[in-house]
Amino acid sequence: MALETEHRLLLGVEIKKKLKEFSLELSFEAEKGCLGILGSSGCGKSMTLKSIAGIVTPDSGRIALQYAQGEAAGGRVLFDSSLKINETPQIRRVGYLFQNYALFPNMTVEENIAAGLKGKGARAAAGGRKSQVCSPQAIKQKVQEMTERFRLIGLEKHYPAQLSGGQQQRTALARILAYEPEILLLDEPFSAMDTYLREKLRLELAEALKDYDGVSILVTHDRDEAYQLCPEILLMDQGKVLARGKTRDIFAWPQTCKAARLTGCKNISRIRRMGERHICALDWGGLELMADRLVGEEITAVGIRAHDFEPLSRQKAAAYAYENCIPVEEPQVSEMPFEWYITLKNGLWWKREKTIHTHNSAGVIPEYLRVDPSAILLLKGEL
């Protein structure tokens, strides 16, 4: 959904807020495209969104939008503690999609969408524009436009209880985007859903966001969700930014132990440096490994993703001179629907794919596992 005026938007957030168990201290920028904020429950993700929306007031800092159109440039300050600016949620032009979508249960689909416009009354001036009042005819036209855009034709008279989860999500998005917010905040929108429904709605949301020209931010604790929906990602822990960058790069090279855990790496061990590329994994029975990069003095740990092991016979392991080869001794095997979970004697954990019809683990366990030097994650910081 294109905004009323073609702006290149940039959202800048620099805030501090004392919370019960830690202080939220964030500084980041976001522009068109969905930025993912990934972190464990209670790390301050939702508080960040509420601060941007104006639901919560930071103790200090600044939240501002900058935009440019051709050679013209401008901006709008949503919050600035030093200037004593704190716009109310009603005039920030921020759309907030809650976990349960917050649809009005006694309103139909078209009434819910229209409520997003009527609730605004006179929309706030933004980018130097004067406030505009939505006439009944304009509201009717916008509702029609949104029901078509979000594939809700034929459902206009239905109530939320009569809608599927996907239809409820599309109705909520239609209501939010009808008044053309400059910022769209998505607060764990799939957390309460069954797995089968979650995947379907992720795809629908990705499709809906393709045509959105504003800034969108998705908060989640689900790494698959962040990877699928967000080209860029910000990792959070205890109110601080751990890492920020392109999602694929962060997952490929998380840099720190905490970032590696947030991106799903379960095999992490402290190390002792034995050479420029040679390390000893202290928590894996003294396993010696070779990396393809120099092991700097700042490296404190090594990580191996559970899918990065290659099963080998003794003969093939010998062909590698047993470099990065791990003997599979006394493994513990757990069956999952589509994978075997295999824990080695030294504590390393490996995943191997299977079919739903396979239940016999005979032949699953190789003599050796090998990890390529390029798959070794060299990590900094505490475990």
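One is the number of the first residue; the rest follow in order along the sequence. This one's a predicted model, so the numbers in the text were calculated from it and none came from an experiment.
Note on K140 versus E110: no salt bridge recorded, every NZ/NE/NH1/NH2 to OD/OE distance being 4.0 Å or above. Salt bridge status for K380 with E297: absent, with no side-chain N to carboxylate O gap under 4.0 Å. Ionic pairing of R202 and D222 is present here: one or more N-O contacts between side-chain nitrogen and carboxylate oxygen are shorter than 4.0 angstrom. By the 4.0 Å N-to-carboxylate-O rule, D59 lies too far from K16 to be salt-bridged with it. Ionic pairing of E367 and K316 is not present here: no N-O contact between side-chain nitrogen and carboxylate oxygen is shorter than 4.0 angstrom. Under a 4.0 Å N-O distance rule, the pair R92/E87 does not qualify as a salt bridge.
Of the N and O atoms on the side chains of Q144 and E148, at least one donor lies less than 3.5 Å from an acceptor on the other residue. Using modelled atom types and a 3.5 Å distance limit, the side chains of S82 and R62 yield no donor-acceptor pair. Looking only at atom types and distance, the side chain of S374 has a donor-acceptor partner in the side chain of D372 under 3.5 Å away. Side-chain contact annotation: R175 with N112, donor-acceptor N/O pair under 3.5 Å present. The closest side-chain donor-acceptor pair between T358 and T355 falls under 3.5 angstrom. Judged by distance alone, the side chains of S46 and D187 do bring a donor and an acceptor atom under 3.5 Å apart.
For the pair E225 (side chain) and R223 (backbone), a donor-acceptor distance under 3.5 Å is absent. Side chain of K17 to main chain of T57: a donor-acceptor pair is present (N/O by atom type, distance under 3.5 Å, no hydrogens or angles). Side-chain N or O atoms of N267 include one that pairs as donor or acceptor with a backbone N or O of W349 at under 3.5 Å. Side chain of Y227 to main chain of F251: no donor-acceptor pair is present (N/O by atom type, distance under 3.5 Å, no hydrogens or angles).
Side chains of T263 and R305 form a contact here, defined as non-hydrogen atoms less than 4.5 Å apart. Side-chain contact between L377 and W253 is present, with at least one heavy-atom pair separated by less than 4.5 Å. Residues I52 and I217 form a side-chain contact, since some pair of their non-hydrogen atoms from C-beta on lies under 4.5 Å apart. Residues R93 and R76 meet the side-chain proximity criterion, which asks for heavy atoms closer than 4.5 Å. Using a 4.5 Å heavy-atom cutoff, the side chains of L348 and F309 are in contact. The shortest side-chain heavy-atom distance between T171 and L152 falls under the 4.5 Å cut-off. In this structure, the side chains of E323 and E288 stay at 4.5 Å or more apart for every pair of heavy atoms. By the 4.5 Å heavy-atom criterion applied to side chains, V109 and K157 are not counted as neighbours.
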- Message: Show, in sequence, the C-alpha distance, side-chain angles and deciding distance for D213 and K32, and conclude whether the salt bridge (Lys or Arg N to Asp or Glu O under 4.0 Å) test is met.
- Response: CA-CA 6 Å; D213 286 335; K32 181 181 176 180; 2.9 Å; yes

- Report the C-alpha separation of K258 and E382 in whole Å, then their side-chain angles, then the decisive distance to 0.1 Å, and conclude whether the salt bridge (Lys or Arg N to Asp or Glu O under 4.0 Å) test is met. CA-CA 7 Å; K258 287 183 178 180; E382 298 179 359; 5.6 Å; no

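Aromatic pair Y320/Y322: ring centres not closer than 6.0 Å.
Checked against L97 for a side chain to side chain contact (heavy atoms under 4.5 Å, CB included), the options L185, L173, L177 give a single hit: L173. Each of I299, L287, L289 was evaluated against I279; a single residue qualifies, L289, per the side chain to side chain contact (heavy atoms under 4.5 Å, CB included) test.
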